[in-house]
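All values below come from the heavy atoms of this structure, side chains included, with hydrogens, waters and symmetry mates left out. Sequence positions, counted from 1, serve as the residue numbers for this chain.
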Amino acid sequence: MSVLRVGNASGFYGDRFSAMREMLTGGELDVLTGDYLAELTMLILGRDRLKDPEAGYARTFLRQLEECLGLARERGVRIVANAGGLNPAGLADAVRALADRLGIPVRVAHVEGDDLGAAHPGALAAHAYLGGFGIAACLRAGADVVVTGRVTDAALVTGPAAAHFGWAPTEYDRLAGAVVAGHLLECGAQATGGNYAFFQDGDVRRPGFPLAELHADGTSVITKHDGTGGFVDVGTVTAQLLYETGGARYAGPDVTARLDTVRLGQEGPDRVRVEGVRGEAPPPTLKVGLNRLGGFRNEVVFVLTGLDIEAKAALVRAQLEPALGKIADVRWELARTDRPDAATEETASALLRLVVRDADQQVVGRALSGAAIELALAGYPGFHVLAPPGKGAPYGVFEDVYVPHGAVDHVAVLHDGGRVTVAPPPAQDTLVLAQVPEPPLPQPLPPGPVRRAPLGLVAGARSGDKGGDANVGVWARTDDAWRWLAHELTADRFRELIPEARDLPVTRHQLPNLRALNFVVEGILGEGVAAQARFDPQAKALGEWLRARHLDIPESLL
């Protein structure tokens, strides 16, 4: 069968608005996908729905369709997006109303069944991660637009691929290939040079969005429209492949993809072939993301300038201590951004950040703001803050739990109103997850002179969040660099380089085909991004911090 060209026009709720039009006009496509959901997004949509029961979906998607729906119809491009969030049926109705107003005949379907709020009454949002076969059913029935709630990000690609190629649920290698392609597309421009460690290798001022040319055997080519910015090479694809993953087994509701089998090859300019992917039966359970309100949060950042920075910080803490005694969670962090004999006031200043959390909004609101601002004329010399503390804002907490496939009613609601139930896999077609045995290490480099230098001179990295955990994928650009990296960057060495991880569980996974190591750091993000437990709450820059740390690196690699 023909190649299926699947593009991406959104990596998150708030991504480049013009991307949908750019992808539709930039070149040939069969399906255009959009990923609008993340753990934090579900919390935001949950709060929206508290105010308006008709809300709960990504309204940006509707505005994009207003200018692009006719274009997609003319070009025969189907649109598949998880913009339905907490209310996919509501979004489907809104798309139909929009199409009627514009006079564009389109068939709109949606997927539902992910909402498990009734089973988790304390949660603001409780949603299972569904697979792609509900999307496939909608497309096979003729839908032009399919909107979903919480499906896996990769399901936006596996669904169209299964529909187009006629794959059965047990064709695991083909499905796993589509999962990998979907994972590579899901974050938009991150596959085309965005957020890339070696961004200076190309012009990334305005990277284009990626697309995958999928084949019936599950292989794919990751590329982008001709003439768009950014670049696609083995490095950009490796970086995205490692993003927000764990071990060699990448589990999903349809299939478990073996990341240790992925082979990447540069096929031509801006074309990377993805092949060799093997799949296994999915695990017997589905992941369910729970979002709940954790309480209220407030913060204030004190600017400490010039001399005696440590003493000034100690004075602030002593002065505020009586006011903070009743607050459940108090955290101080001093960032020494100051320099001696600085040429500007800003570079002569350090930042002292105070973050407080409590179930009582008044405790973190007026109590903190009053006490902090009262120091304006009675504190350290040069007292000022970046902004006055507010009244305290609610924060969220994320956790995941697991339920049997049968606990979810996965339903494709077709464009004509018909309902197709997506059956869960039989128990004999599931496989409990287990760690893959560690592969043997490559031969070490021969002894030679070394130089103290940043890790980033010989390795790239990309990091991200999964609930309260973070992952840091690190890859080498050459075989010799891999031989050194695999021996040097152990889990213990990682903890030395990242002191925040020193007392946390750190697991290292080897992926030799990618010349990569993937580190999972448990608990470094507390209760998830919405709780904002650290300076970089989604661990987006954790990998860049690691690359900036110095090690003894063989001179032959520098």
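Residues satisfying the side-chain hydrogen bond (donor to acceptor under 3.5 Å, both in side chains) test with R292, not counting sequence neighbours, are none. Taking R63 as the reference, nothing meets the side-chain hydrogen bond (donor to acceptor under 3.5 Å, both in side chains) condition, with sequence neighbours excluded. Scored by the ring-ring contact (aromatic ring centres under 6.0 Å, His included) test, Y196 finds F198, F231 as partners (sequence neighbours excluded). For Y250, the ring-ring contact (aromatic ring centres under 6.0 Å, His included) partners two or more places apart in sequence, or in a different chain, are H183. Applying the ring-ring contact (aromatic ring centres under 6.0 Å, His included) test to F61 and every residue at least two apart in sequence or in another chain returns Y36.
For residues 397-418, there are no side-chain hydrogen bond (donor to acceptor under 3.5 Å, both in side chains) pairs, not counting sequence neighbours. Residue pairs meeting the ring pair (Phe, Tyr, Trp, His ring centres under 6.0 Å) criterion with at least one member in residues 130-163: none, sequence neighbours excluded. Counting only residues at least two apart or on different chains, the salt bridge (Lys or Arg N to Asp or Glu O under 4.0 Å) pairs with a member in residues 126-144 are R73-D144, R107-D144. For residues 42-51, no residue pair satisfies the salt bridge (Lys or Arg N to Asp or Glu O under 4.0 Å) rule, not counting sequence neighbours.
Between R508 and F494, the closest side-chain pair of non-hydrogen atoms is not below 4.5 Å. At least one side-chain heavy atom of Q240 sits less than 4.5 Å from a side-chain heavy atom of E186. Two residues are said to be in side-chain contact when any heavy atoms from C-beta on lie closer than 4.5 Å; D254 and V179 fail this criterion. The closest side-chain heavy-atom distance from L65 to I79 is below 4.5 Å. At a threshold of 4.5 Å between non-hydrogen side-chain atoms, the residues W332 and L324 count as touching. Here the side chains of H509 and V520 are in contact, with some heavy-atom distance below 4.5 Å. A heavy-atom distance below 4.5 Å is not found between the side chains of N195 and Y243. Put simply, the side chain of P283 reaches to within 4.5 Å of the side chain of T256, judged on heavy atoms.
The environment of E67 atom CD is dense: over 12 non-hydrogen atoms of other residues, nucleotides or ligands sit within 6.0 angstrom. Open room surrounds CZ on F535; 12 or fewer heavy atoms of other groups in view lie less than 6.0 Å from it.
Side chain of S463 to main chain of G543: a donor-acceptor pair is present (N/O by atom type, distance under 3.5 Å, no hydrogens or angles). Between the side chain of Q64 and the backbone N or O of F17 there is at least one donor-acceptor pair closer than 3.5 Å. With R258 contributing its side chain and E280 its backbone, the two residues share no donor-acceptor pair below 3.5 Å. Distance alone, capped at 3.5 Å, places no donor-acceptor pair between the R462 side chain and the L242 backbone. Within the 3.5 Å criterion, the main-chain N or O of S10 finds a donor-acceptor partner in the side chain of N8. In terms of modelled atom types and a separation under 3.5 Å, the side chain of E39 and the main chain of G467 share a donor-acceptor contact. A donor-acceptor pair under 3.5 Å is absent between the side-chain atoms of E244 and the main chain of G464, judged by distance alone. In terms of modelled atom types and a separation under 3.5 Å, the side chain of E544 and the main chain of A541 share no donor-acceptor contact. At least one donor-acceptor pair under 3.5 Å links the side chain of D469 to the backbone N or O of G523. Using a distance-only test at 3.5 Å, with no hydrogens or angles considered, no donor-acceptor pair links the side chain of R21 to the main chain of C68.
Summarising the geometry of G252 relative to P282, their closest heavy-atom pair is O-CB, 3.4 Å, with the distance given to 0.1 Å. Taking all atoms of both residues into account, the shortest heavy-atom contact from V180 to A257 is CG2-CB, 4.4 Å. Here the shortest heavy-atom pairing between V146 and V111 reads CG1-CG2, 4.3 Å. Across all non-hydrogen atoms, the minimal contact from R534 to I524 is CD-O, 3.5 Å. Nearest heavy-atom pair, G182 versus V157, reported as atom, atom and distance to 0.1 Å: CA-CG2, 3.6 Å. Pairing each heavy atom of A178 with each of W167, the nearest pair is CB-CZ3, 3.7 Å.
Residues R297 and E299 are paired through a salt bridge, judged by an N-O separation under 4.0 Å between the basic side chain and the carboxylate.
Annotation: the span from L29 atom CG to L211 atom CG amounts to 6.0 Å, rounded to 0.5 Å. Distance check: T219 OG1 to D173 CG gives 11.5 Å after rounding to the nearest 0.5 Å. Considering CG of L69 and CE of M20, their distance stands at 9.0 Å, rounded to 0.5 Å. Distance check, rounded to the nearest 0.5 Å: CG of L185 to CG of L156 gives 9.5 Å. Note that CG of N518 is 10.0 Å distant from OG1 of T507, once rounded to the nearest 0.5 Å. Interatomic distance, CG of L40 versus OH of Y13, reported as 12.0 Å (0.5 Å rounding).
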I would like to know whether T236 and T192 meet side-chain contact (heavy atoms from CB on, under 4.5 Å); could you show each step before the answer? CA-CA 6 Å; T236 66; T192 58; over 6 Å; no
Steps toward side-chain contact (heavy atoms from CB on, under 4.5 Å) verdict (L37, L45): CA-CA 9 Å; L37 301 183; L45 294 176; 3.9 Å; yes
For F519 and I498: C-alpha separation, side-chain torsions, deciding distance, then whether side-chain contact (heavy atoms from CB on, under 4.5 Å) applies. CA-CA 12 Å; F519 295 88; I498 304 296; over 6 Å; no
Please test L368 against L354 for side-chain contact (heavy atoms from CB on, under 4.5 Å), starting from the C-alpha separation and ending with a verdict. CA-CA 10 Å; L368 173 64; L354 168 62; 3.6 Å; yes
Check: residues 90-100 side-chain donor-acceptor pairs under 3.5 Å, at least two apart:
residue : atom : partner : partner atom : Å
D93     : OD1  : R96     : NH1          : 2.9
R96     : NH2  : V108    : O            : 2.9

List the atom pairs, with distances to 0.1 Å, where a side-chain N or O of residues 113-126 and a protein N or O form a donor-acceptor pair under 3.5 Å, not counting sequence neighbours.
residue : atom : partner : partner atom : Å
D114    : OD2  : H127    : ND1          : 2.7
D114    : OD2  : R150    : N            : 2.9
D115    : OD1  : G117    : N            : 2.9

Check: residues 423-438 side-chain donor-acceptor pairs under 3.5 Å, at least two apart:
residue : atom : partner : partner atom : Å
T430    : OG1  : A427    : O            : 2.8
E438    : OE1  : Q510    : NE2          : 3.2

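Taking the centre and axis of the six-membered ring of F209, the NZ or CZ atom of R16 falls outside the cone set by 45° and 6.0 Å.
Applying side-chain hydrogen bond (donor to acceptor under 3.5 Å, both in side chains) to N82 and the options T33, T152, D35 leaves one that passes, D35.
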